[in-house]
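Sequence lines set the chain letters: A, B, ... in the order given, protein chains first and strands last, and positions in each chain run from 1. All values below were derived from every heavy atom in this structure, side-chain atoms included, with hydrogens, water molecules and symmetry-related copies excluded.
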Amino acid sequence: MKVKLNINGKDYESEIEPRMLLVDFIRDVAGLKGTHVGCETGSCGACMVLLDGMPAKSCLMLAAQAQGKKIVTIEGLSAGDKLNSVQRSLSERKALQCGFCAAGFSIMGTWILENEREIDYERVKADLAGVVCRCSGYEQVIDSIVEAAKNERKN
Amino acid sequence: MKVPPVFEYVRVDSLNGFYKNVNQYSFPLIISGGTVAVLMLKNRVIRPDAVIDISGIEDLNVLNIDKEKDEVFMGSNIKLYRLKSLLPDDSASELVIKSASTVGDIAIRSVGSVGGNVCLGDPGNDLPVALTAIGAYAVVGSQESIRRVPVSDFYVKPFKNVLKKGEILLGVSYKRLYGYRTSYKKHFLNFLDHYVGIVAALAKVEGKSIKDLRMAAAGEAIGTPVKIDISEFSSVDDAVSIKKKLIDYLNSLPMHDDRFGTIKFKKKILSALMFQAIDEVLGS
């Protein structure tokens with residue numbers, strides 16, 4: 001079947017098998033490798049993207065389901081080399097080590113900044129429940145997002 | 001890498017389109033959000049010849065409040081994440097929101113739908129327990145008619161509901177309830193990624209007098225949701241008697257030792273959840 005997906009503002013049209021997962025389309029058709037394949041069960045969040053502005057796990061969706069929706073991957077969060085505030089904060093605090101979970105935390109952090117009214121440690125911790133990190137732990141990540149929120153509000 | 005089996009993908013934008021397509025396949029899988037369904041496809045637990053995507057049917061993406069009957073209708077396509085902002089202010093809706101907000105994480109709730117959570121029949125699913133407790137109905141449509149099935153009767157066994165081929169869950173309806181205290185409890189087994197027990201309860205208490213008390217339970221310990229009849233108690237001072245009756249009830253349920261635990265463990269978890277819920281709704 002032929003699908004046309006809008007990823008980071010750009011249309012990607014391709015002939016695919018209906019069983020192709022969204023994460024595979026993003027990585028193999030669009031060539032955007034920042035979205036990772038982790039647990040493949042929807043637990044780890046390494047495949048997280050924004051789908052019409054809401055976080056979604058692209059390993060639990062068929063590519064065909066995403067037709068007509070706007071998809072944003074971790075590559076779409078930054079403007080060229082200019083990282084967004086969450087990515088910058090994660091980087092400055094050295095919150096990530098191997099970086100496999102970067103898509104999950106960056107996407108969720110961005111969503112939190114744009115959608116949560118009150119952003120504090122507990123709120124961020126609860127919202128990050130669907131993202132797993134197995135090297136750095138979560139403290140620096142949570143602090144980074146809280147700090148990014150404070151900086152955004154100052155500006 | 002896990003890859004689903006081969007199937008045809010059909011996207012329908014209307015109920016007529018659904019009815020027209022669904023009978024053309026011998027084993028169609030209906031998805032709206034598809035989070036669990038896609039996982040089951042990847043694990044090849046199911047091998048449908050077609051996946052019918054109903055997420056484009058706008059008629060199923062509605063929330064109606066019938067003021068005359070004082071009933072709420074939640075369409076199957078409504079995302080779980082939206083329930084908090086969509087549902088009206090009443091006790092039944094409060095319990096539905098409590099249960100929906102514990103489904104997975106935000107990324108799952110933003111894709112997962114009411115219809116998927118209700119239809120799947122996984123003992124660990126959240127909405128069915130709350131819906132059973134409040135006495136909700138599954139509204140089932142077919143090309144010929146629409147029928148209402150109490151959610152408590154919607155499941156034949158785990159992962160098997162009463163929907164016949166050609167039927168679709170249009171949504172769920174329930175009577176609004178006022179002045180109740182609500183409680184929603186569950187116990188998660190991390191290493192098995194499953195819920196052993198889930199309990200939903202609500203009670204209307206005036207002074208020390210219990211006007212109404214409703215409870216439902218599910219989870220791997222007992223399977224799909226069961227409605228627990230504890231309506232005969234009249235005073236919050238009866239909390240001890242109610243708990244005794246719940247123990248008797250648990251002892252009457254068919255349970256067995258399995259990978260989720262021994263019978264003793266399951267009863268201990270369920271009774272603890274039930275007691276916590278009772279204390280919370282009775283304020284005892």
Side-chain angles (χ1 to χ4, degrees), chain A residues 1-3 16-24 27-28 36-69 71 103-105 107-112 115-116 123-132, chain B residues 1-13 25 28-56 77 79-82 84-85 101-113 116 188 190-194:
Chain A
M1 67 182 291
K2 194 172 247 184
V3 293
I16 62 163
E17 277 195 74
R19 61 177 170 166
M20 180 181 245
L21 300 171
L22 177 57
V23 67
D24 295 327
R27 289 177 58 83
D28 300 336
H36 293 152
V37 181
C39 67
E40 298 194 64
T41 63
S43 301
C44 77
C47 63
M48 192 87 75
V49 296
L50 288 173
L51 198 71
D52 280 347
M54 289 299 293
K57 292 177 173 174
S58 59
C59 79
L60 291 185
M61 278 193 86
L62 302 171
Q65 285 180 270
Q67 282 210 87
K69 299 184 191 302
I71 302 157
F105 286 129
I107 294 278
M108 274 311 301
T110 304
W111 180 85
I112 290 167
N115 291 277
E116 292 290 13
R123 180 75 267 153
V124 174
K125 187 180 171 186
D127 284 353
L128 291 180
V131 188
V132 173
Chain B
M1 197 170 84
K2 291 177 179 175
V3 182
V6 174
F7 52 78
E8 216 172 295
Y9 175 85
V10 184
R11 191 184 173 104
V12 291
D13 295 323
Y25 300 95
L29 170 70
I30 302 161
I31 63 166
S32 175
T35 48
V36 179
V38 171
L39 183 59
M40 290 168 88
L41 285 170
K42 285 164 73 174
N43 288 330
R44 307 214 171 189
V45 177
I46 41 176
R47 289 170 177 269
D49 53 351
V51 169
I52 301 183
D53 183 353
I54 61 165
S55 62
N77 275 345
K79 303 295 181 198
L80 297 169
Y81 180 79
R82 292 180 63 216
K84 197 177 173 184
S85 58
S101 62
T102 67
V103 176
D105 54 73
I106 292 169
I108 299 294
R109 295 195 289 276
S110 70
V111 177
S113 65
F188 188 59
N190 239 330
F191 65 101
L192 284 174
D193 198 19
H194 274 277

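Nearest approach of A:Arg19 to B:Val6, heavy atoms of both residues: CZ-CG2, 3.7 Å. Taking each heavy atom of B:Asp105 and A:Gly42 in turn, the nearest pair found is OD2-O, 4.3 Å. Closest approach of B:Ile106 and A:Met108 over heavy atoms only: CD1-CE, 4.1 Å.
The choice from A:Ile107, A:Val37, A:Asp127 that makes the most heavy-atom pairs within less than 4.5 Å of chain B is A:Asp127. The candidate from B:Arg11, B:Glu8, B:Lys79 with the greatest count of non-hydrogen atom pairs under 4.5 Å with chain A is B:Arg11. Put simply, of B:Val111, B:Val3, B:Thr35, the one with the most heavy-atom pairs under 4.5 Å next to chain A is B:Thr35. Counting heavy-atom pairs closer than 4.5 Å to chain A, the top-ranked of the candidates B:Pro5, B:Gly104, B:Ser55, B:Gly56 is B:Pro5. Note: A:Pro18 leads A:Ala129, A:Gly45, A:Pro18 in heavy-atom pairs under 4.5 Å with chain B. Chain B forms the most heavy-atom pairs under 4.5 Å with one residue out of A:Met48, A:Met61, A:Glu40, and that residue is A:Glu40.
Between the side chain of A:Gln65 and the backbone N or O of B:Asp53, no donor-acceptor pair lies under 3.5 Å.
Scanning residues 50-60 of chain A against chain B with a 4.5 Å non-hydrogen threshold yields A:Met54, A:Pro55, A:Ala56, A:Lys57, A:Cys59, A:Leu60, sorted by number. Near-neighbour residues of residues 41-49 of chain B relative to chain A, defined by a heavy atom under 4.5 Å from a heavy atom of that chain, comprise B:Lys42, B:Arg44.
The distance from atom CD1 of B:Ile108 to atom OG of A:Ser43, rounded to the nearest 0.5 Å, is 8.0 Å.
Proximity to chain B (any heavy atom under 4.5 Å) is shown, for A:Met20, by neither the backbone nor the side chain.
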(request) For the pair A:Leu62 and B:Phe7, evaluate side-chain contact (heavy atoms from CB on, under 4.5 Å) and give the outcome as yes or no after the intermediate values. (result) CA-CA 12 Å; A:Leu62 302 171; B:Phe7 52 78; 3.9 Å; yes
